[in-house]
Amino acid sequence: FAFREQIAVTKNRVISFANKYPVLQVNVERAFAENGGEVEDWRAQAQVDYHFSFPRKGKTSLRFSAAQTFGETPLFRSFNLIGTGVDWSLGVPFSFETLAPQSILASSLITFQFRHRFKNNRPSDKTFRPEIALIHNMAWMEYANQDQHLYDTYQDFSKSYREVGMEIHR
């Protein structure tokens, strides 16, 4: 949901245009132990994205998210941080690039992510105009049911996890 969001509707798609207001996303899931199922739990997740520009300075993007599980949640229904850090890596917006994929599981999770992409105002070659982006990601999480699972690569970040970096675009 985005307040006063402007959209274009095509035959098979809805396209959202830039918005000057924050965008809120909420997701609530419930698993039932009926019809032979073994899991009964709740998952709730909320996220706010906000993008704004500074004339001749660049664009800033902020993301705040929080997630919580309720009940005895199995491993496959836990939340995980989006990690892209492997031997080779791709830069993915709003991901933790120094974490391996699927390395962090959490039953409760709070993240704050900041990204500012500086605009290149310097006259230069039209084919090469690099832009620099500063990135700061923070996460606080805990895993309540760790003793119920045999997960070898579990890492405890109950205090916090932070990463700071710089990207060069183009």
Side-chain angles (χ1 to χ4, degrees), residues 1-8 10 13-27 43-69 75-143 151-170:
F1 171 74
F3 181 68
R4 295 186 181 169
E5 180 178 26
Q6 296 178 358
I7 59 173
T10 64
R13 244 174 109 175
V14 176
I15 301 167
S16 176
F17 294 109
N19 193 357
K20 64 180 181 178
Y21 298 101
V23 177
L24 172 66
Q25 299 175 24
V26 176
N27 183 29
R43 287 170 38 119
Q45 191 172 7
Q47 176 177 301
V48 176
D49 288 322
Y50 188 45
H51 308 280
F52 52 95
S53 295
F54 295 100
R56 297 186 303 266
K57 298 294 181 193
K59 181 178 180 181
T60 298
S61 301
L62 303 171
R63 175 176 285 176
F64 175 78
S65 64
Q68 178 72 44
T69 60
L75 187 67
F76 69 90
R77 300 231 339 128
S78 299
F79 295 103
N80 83 41
L81 290 179
I82 299 171
T84 59
V86 290
D87 292 338
W88 55 272
S89 183
L90 297 173
V92 179
F94 298 115
S95 69
F96 287 82
E97 298 186 27
T98 58
L99 292 175
Q102 305 290 332
S103 65
I104 304 296
L105 296 175
S107 56
S108 61
L109 173 70
I110 296 174
T111 65
F112 174 76
Q113 295 168 308
F114 167 86
R115 169 189 222 91
H116 181 79
R117 188 169 178 172
F118 291 97
K119 190 170 188 173
N120 186 345
N121 294 320
R122 195 185 91 219
S124 62
D125 185 13
K126 292 185 182 198
T127 60
F128 183 68
R129 293 189 58 151
E131 294 180 349
I132 295 173
L134 297 179
I135 301 163
H136 185 80
N137 297 322
M138 299 186 313
W140 296 268
M141 66 214 87
E142 71 175 357
Y143 193 49
Y151 188 57
D152 295 337
T153 59
Y154 171 77
Q155 299 178 37
D156 183 19
F157 290 111
S158 56
K159 293 183 181 175
S160 69
Y161 179 77
R162 298 180 184 132
E163 70 180 19
V164 177
M166 181 178 76
E167 289 180 352
I168 300 175
H169 295 267
R170 295 190 197 165

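In this text the structure is predicted, and so the values were computed from the model without any measurement.
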Undergrad: Is the distance between the ring centroids of F52 and Y50 less than 6.0 Å?
TA: yes
Undergrad: Can you give me the closest heavy-atom contact between T60 and F54, atom names plus distance?
TA: OG1-CE1, 3.5 Å
Undergrad: After noting the C-alpha distance and the side-chain angles of E131 and I168, does the key distance pass the side-chain contact (heavy atoms from CB on, under 4.5 Å) rule?
TA: CA-CA 6 Å; E131 294 180 349; I168 300 175; over 6 Å; no
Undergrad: Between the side chains of R117 and E167, is the shortest nitrogen-to-carboxylate-oxygen separation below 4.0 Å, so that they form an ion pair?
TA: no
Undergrad: Just wondering, do H51 and K59 contact through their side chains at under 4.5 Å, heavy atoms?
TA: yes
Undergrad: In Å and rounded to the nearest 0.5 Å, what is the CD to CG distance from E163 to N137?
TA: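 Nearest 0.5 Å value for the CD-CG distance: 4.5 Å.
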Undergrad: Among all residues two or more places apart in sequence or in another chain, which pass the ring pair (Phe, Tyr, Trp, His ring centres under 6.0 Å) test with F64?
TA: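 Testing F64 for ring pair (Phe, Tyr, Trp, His ring centres under 6.0 Å), a comparison that skips the adjacent residues, returns none.
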Undergrad: Check whether T69 reaches the backbone of R43 with its side chain - one donor and one acceptor, N or O, closer than 3.5 Å.
TA: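 It does not hold such a pair.
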Undergrad: Under the ring pair (Phe, Tyr, Trp, His ring centres under 6.0 Å) test, which residues partner H116, sequence neighbours left out?
TA: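 With neighbours one apart ignored, the set is F118.
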Undergrad: Check whether any side-chain N or O of S65 sits under 3.5 Å from a backbone N or O of F112 as a donor-acceptor pair, and report yes or no.
TA: no
Undergrad: Rounded at 0.5 Å granularity, tell me how far CD in E142 sits from OG in S108.
TA: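 These two atoms lie 4.0 Å from each other.
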Undergrad: Between atom NZ of K57 and atom NZ of K119, what is the distance when rounded to the nearest 0.5 Å?
TA: 11.5 Å
Undergrad: We want to know whether Q47 and D49 form a side-chain donor-acceptor pair, criterion being a heavy-atom distance below 3.5 angstrom.
TA: yes
